[in-house]
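These notes are about the structure you will find just below.
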Amino acid sequence: MLDRADDVFRTLEQPDWAGAPAVGLVSYDAGARQATGERDAVWPDLVLGRYPAWLVFDHRLSRVEASGWGADTAEAEAQVKRAEGWLALRCRAEAPPAPSLDFTECRAGSDYRAAVAAVVDRIGQGELFQANIAREWCGTLKAGADPYDVFLRLAGQRGAAYSACWLADGHALVSNSPELFLTYSPRLRRLEARPIKGTRPRGDTPQEDLALARELEASAKDRAENLMIVDLMRNDLSRVCEAGTVVVEQLCGLESFATVHHLTSVVSGRVKNGVDWPDILRQTFPAGSITGAPKHRAMQVIADYEAPRGAWCGSLFVQGMAADDTITASVLIRSASFQLTEGQWHWRAMAGAGITADSQPAEELAETDAKIRALRDALYL
């Protein structure tokens with residue numbers, strides 16, 4: 001684990017891990033520090049793990065593939081057998097009971113509404129166009145419970161495309177993220193981002209649900225919010241892609257998840273020769289969808305109203321599993337971070353909303369309630 005942002009991108013460039021099957025987590029603060037300066041460290045800037053044995057589950061084909069890596073064939077085959085042995089471990093037939101002792105908001109909702117109103121005022125004065133402002137919750141797991149219990153409850157009821165559970169040396173991350181930050185194919189030199197902006201809760205009936213989805217699609221405020229971030233991501237990708245190759249493949253497409261509807265756009269480009277994954281991450285991180293625009297100023301404004309974010313809104317990425325070494329990196333929204341202290345797991349989670357000139361504090365508060373709902377249910381209800 002690394003606690004210095006200066007070391008993050010240099011570490012990713014080292015040959016002793018590059019190209020190996022690996023998982024990495026870059027904290028939000030590692031990228032934000034360029035704008036905010038030094039703040040209290042609540043999570044390591046970079047966590048990296050290299051794994052020689054893997055099980056890959058293909059749910060569409062109902063197939064499991066065991067893979068192993070090693071210095072020679074014998075070592076790789078031994079890792080395959082190790083992975084196959086994991087299949088003998090039985091998963092629990094039922095999700096465990098709610099594992100958290102508490103679910104406490106760190107500041108009152110009235111404080112969040114005041115923060116939103118203040119940011120709206122700063123936008124009106126021309127200081128910035130948009131900032132993603134978050135609320136924070138925390139708690140402690142019951143004796144004997146662990147972060148995997150939370151993941152099982154999430155996956156069983158409201159799994160998302162970029163769900164993850166990762167334990168590493170007294171730290172853990174449970175994510176139910178629906179958002180792709182970047183996917184990069186070195187072979188094709190294709191880079192893709194899928195920013196999410198614009199949210200409505202799911203309805204209690206099919207009719208209400210459809211009405212909320214249509215309301216989101218028609219919302220000028222939400223579409224403008226999405227468009228601002230699309231422009232930001234186009235600019236970020238242009239730093240590492242060939243001129244003229246960055247395109248918007250989808251603008252404000254509706255995607256529906258267990259607890260919310262979202263507007264998602266797709267931006268892609270062809271990466272320049274000589275540019276690799278550390279360069280890409282250095283130029284684009286953190287994701288524009290969870291900062292605001294302009295990005296540098298938005299991160300400074302966020303720091304005025306939030307404690308350091310840590311893992312939340314950072315990125316979890318996997319490299320080396322696909323045949324062409326494609327890297328997939330999520331945005332760690334809908335995520336909780338855990339730290340083990342004296343045998344007990346303490347957790348922290350956040351949920352934010354994109355604040356623009358048209359934002360209403362009460363509506364943004366309700367949006368964050370909708371976004372934290374799945375994690376709240378998995379942890380506490």
Side-chain angles (χ1 to χ4, degrees), residues 1 21-25 27 42-44 47-59 64-67 82-104 137-179 257-259 310-318 321 328-351 372-381:
M1 297 188 185
V23 178
L25 194 165
S27 76
V42 297
W43 187 270
V47 184
L48 279 175
R50 182 164 57 183
Y51 300 92
W54 292 74
L55 287 176
V56 179
F57 293 80
D58 188 326
H59 296 286
V64 182
E65 180 181 280
S67 301
R82 179 187 175 203
E84 289 174 341
W86 294 336
L87 290 172
L89 300 175
R90 293 188 176 184
C91 295
R92 303 173 195 175
E94 298 180 357
S100 188
L101 290 168
D102 47 4
F103 191 89
T104 304
W137 294 261
C138 58
T140 302
L141 296 189
K142 300 172 183 175
D146 63 40
Y148 191 60
D149 295 331
V150 182
F151 177 72
L152 286 177
R153 289 169 61 85
L154 274 172
Q157 301 176 11
R158 293 166 177 159
Y162 302 99
S163 296
C165 180
W166 193 29
L167 281 73
D169 191 22
H171 293 71
L173 186 284
V174 173
S175 178
N176 201 45
S177 175
E179 184 169 1
F257 302 93
T259 59
W312 187 74
C313 281
S315 182
L316 187 72
F317 63 87
V318 179
M321 283 301 301
T328 301
S330 69
V331 181
L332 289 176
I333 57 174
R334 319 291 196 273
S335 301
S337 58
F338 298 77
Q339 296 194 52
L340 186 62
T341 304
E342 297 181 351
Q344 197 161 26
W345 288 99
H346 302 271
W347 62 267
R348 180 174 184 251
M350 301 177 75
I372 202 65
R373 177 183 165 191
L375 266 174
R376 180 202 63 197
D377 292 353
L379 279 159
Y380 193 58
L381 297 181

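Just the heavy atoms: all of them, side chains too, but no hydrogens, waters or symmetry mates, feed the values below. Residue numbers run from 1 in the order of the sequence given. This is a predicted model, so every value here is computed, not measured.
Of all non-hydrogen atoms in Ala172 and Trp345, the two that sit nearest each other are CB-CZ3, 3.8 Å. Annotation for Gln344 and Ala143: closest pair NE2-N, 4.2 Å, computed over non-hydrogen atoms. Between Ala98 and Leu381, the closest heavy-atom pair is CB-O, 3.8 Å. The minimum heavy-atom distance between Leu101 and Leu141, with the atom names listed, is CD1-O, 4.0 Å. Contact record, Ala329 with Phe317: CB-CB, 3.7 Å, taken as the closest heavy-atom pair. Residues Ala66 and Glu84 approach most closely at CB-CG, 3.7 Å, considering heavy atoms.
Between the side chain of Asp377 and the backbone N or O of Ala374 there is no donor-acceptor pair closer than 3.5 Å. Looking only at distances, a side-chain donor or acceptor of Asp146 sits under 3.5 Å from a matching main-chain atom of Asp149. The main-chain N or O of Leu379 is never found under 3.5 Å from a side-chain atom of Arg153 such that the two would form a donor-acceptor pair.
Rounded to the nearest 0.5 Å, atoms CZ (Arg376) and OG (Ser100) are 13.0 Å apart. The distance from the CG atom of Asp102 to the NE2 atom of His346 is 10.0 Å, given to the nearest 0.5 Å. In this structure, the separation between CG on Leu152 and SG on Cys165 is 8.0 Å, given to the nearest 0.5 Å. With rounding to the nearest 0.5 Å, the separation of CG in Asp169 from NE2 in His171 is 7.5 Å.
Shown here are the salt bridge (Lys or Arg N to Asp or Glu O under 4.0 Å) partners of Arg348, two or more places apart in sequence or in another chain: Glu136. Judged as a side-chain hydrogen bond (donor to acceptor under 3.5 Å, both in side chains), and not counting sequence neighbours, Ser330 has no contacts. With sequence neighbours excluded, no residue satisfies side-chain hydrogen bond (donor to acceptor under 3.5 Å, both in side chains) with Ser177. By the side-chain hydrogen bond (donor to acceptor under 3.5 Å, both in side chains) test, Ser175 pairs with Ser335, sequence neighbours left out. Not counting sequence neighbours, Tyr162 has no partner by the ring pair (Phe, Tyr, Trp, His ring centres under 6.0 Å) test.
Trp347 has its ring centre less than 6.0 Å from the ring centre of Phe103.
Contact of the Leu375 side chain with the Trp137 side chain is not registered, since no non-hydrogen atoms from C-beta on lie closer than 4.5 Å. With a 4.5 Å cut-off on side-chain heavy atoms, Asn176 and Ser163 count as touching. Two residues are said to be in side-chain contact when any heavy atoms from C-beta on lie closer than 4.5 Å; Trp54 and Glu65 fail this criterion. Residues Phe57 and Val64 meet the side-chain proximity criterion, which asks for heavy atoms closer than 4.5 Å. In this structure the side chain of Val150 reaches within 4.5 angstrom of the side chain of Phe338, judged on heavy atoms. Using a 4.5 Å heavy-atom threshold, the side chains of Val47 and Ser27 count as separate.
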Apply side chain to side chain contact (heavy atoms under 4.5 Å, CB included) to residues Cys313 and Ile333 and explain how you reach the verdict.
CA-CA 5 Å; Cys313 281; Ile333 57 174; 4.0 Å; yes
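Residue pairs meeting the salt bridge (Lys or Arg N to Asp or Glu O under 4.0 Å) criterion with at least one partner in residues 328-340, sequence neighbours excluded, do not occur; the list is empty.
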